[in-house]
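Encoded as structure tokens, the structure appears first; notes follow it.
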2 protein chains.
Amino acid sequence: MGKLPIGNHIRKLRFNHDEMTQQQLAEKAGVTRQTIVALEQGKYSPSLELAFRIALVFASPLEEVFFIENKEEFI
Amino acid sequence: MGKLPIGNHIRKLRFNHDEMTQQQLAEKAGVTRQTIVALEQGKYSPSLELAFRIALVFASPLEEVFFIENKEEFI
DNA sequence: CTTATATGTAAAATACTATTTACTTAATGT
DNA sequence: ACATTAAGTAAATAGTATTTTACATATAAG
């Protein structure tokens, strides 16, 4: 595993949601702040479950939070 | 982690896609057949990356393959 | 009856995700 | 100057996903 480049809009979405802090997002998603930091920095991609939880926090479809970068190449 | 119940339609989608076998799906998704078996049986939920790869195989949006069960409860 | 194919099961090993703890830096306010 | 808050970094550990190997069952075909 580890070929598809996955990006996310977490940082933008935090600011669009009342400037939610990393800490607040972490609490709402049920993870630690370090996990949010790592995700925003693209250090790794999360489990599907965590991805769904973050999308729930932002009340957005999962694919509006996480996406395949350069998707065209992989179709 | 491990609270959100995540389901999937992998088995249905395989049959809707020319009765693709577990082995064929595994190869296209770049994993082993055992991973597909485990996912179809709901033994665990995959990484976000694998979820995207499986969705790509079926040319379907991720959320048409994987979904939160009883979603209402979590909104 | 034998072979091949699809699927299910299981245990151990490996890789990756997530937590915990702790320290650092920058910005803001008193 | 000092305290507070948000964010970055890092290393060790725990927890979960995935692989590997191997065997079992059922079905269909020759």
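Labels below follow one simple rule: chain letters A, B, ... track the order of the sequence lines, proteins then strands, and each chain is numbered from 1.
As rounded to whole Å, 15 Å separates atom P of C:dT17 from atom CD1 of A:I36. Distance OH (B:Y44) to C1' (C:dA10): 13 Å, rounded to an integer number of Å. Here the P atom of nucleotide D:dT18 and the CG atom of A:L4 are 13 Å apart, to the nearest Å. Between the NZ atom of A:K3 and the P atom of D:dT18 there is a distance of 14 Å, rounded to whole Å. For the pair B:I54 CD1 and D:dT18 C1', the interatomic distance rounds to 12 Å; values are reported in whole Å. Here D:dA17 presents its C1' atom at 13 Å from CZ of B:F66, a figure rounded to the nearest Å. Distance, A:E49 CD to D:dT18 P: 13 Å, rounded to whole Å. If you take CG of B:L50 and P of D:dT16, they are 18 Å apart, rounded to a whole angstrom.
Summarising the geometry of B:L62 relative to A:E63, their closest heavy-atom pair is N-OE1, 3.0 Å, with the distance given to 0.1 Å. In plain terms, the two heavy atoms of B:P5 and B:F74 that are nearest each other are CD-CZ, 3.6 Å. Between A:N8 and A:R11 the shortest heavy-atom distance is OD1-N, 4.5 Å.
Under 4.0 angstrom from either OP1 or OP2 of C:dT19 there lies at least one side-chain N or O belonging to A:T32. For D:dA17, neither phosphate oxygen OP1 nor OP2 lies less than 4.0 angstrom from any side-chain nitrogen or oxygen of B:T35.
Between A:M20 and A:V57, some side-chain heavy-atom pair lies under the 4.5 Å cut-off.
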Exercise for review: Sugar-phosphate atoms are those with a prime plus P, OP1 and OP2; base atoms are the rest. Using that split, label each nucleotide of nucleotides 6-11 of chain D B, S or - for protein heavy atoms under 4.0 Å, 5' to 3'.
Suggested key: SBBBB-

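The aromatic ring centres of B:F58 and B:H9 sit 6.0 Å or more apart.
Of the charged side-chain nitrogens involved, at least one lies within less than 4.0 Å of a carboxylate oxygen, so that A:E40 and A:R14 count as a salt-bridged pair.
With distances taken from any side-chain atom of A:V31 to the nucleotides D:dA17, C:dT17, C:dT19, the minimum falls on C:dT19.
For the atom pair A:L48 CG and B:Y44 OH, the distance stands at 12.5 Å (nearest 0.5 Å).
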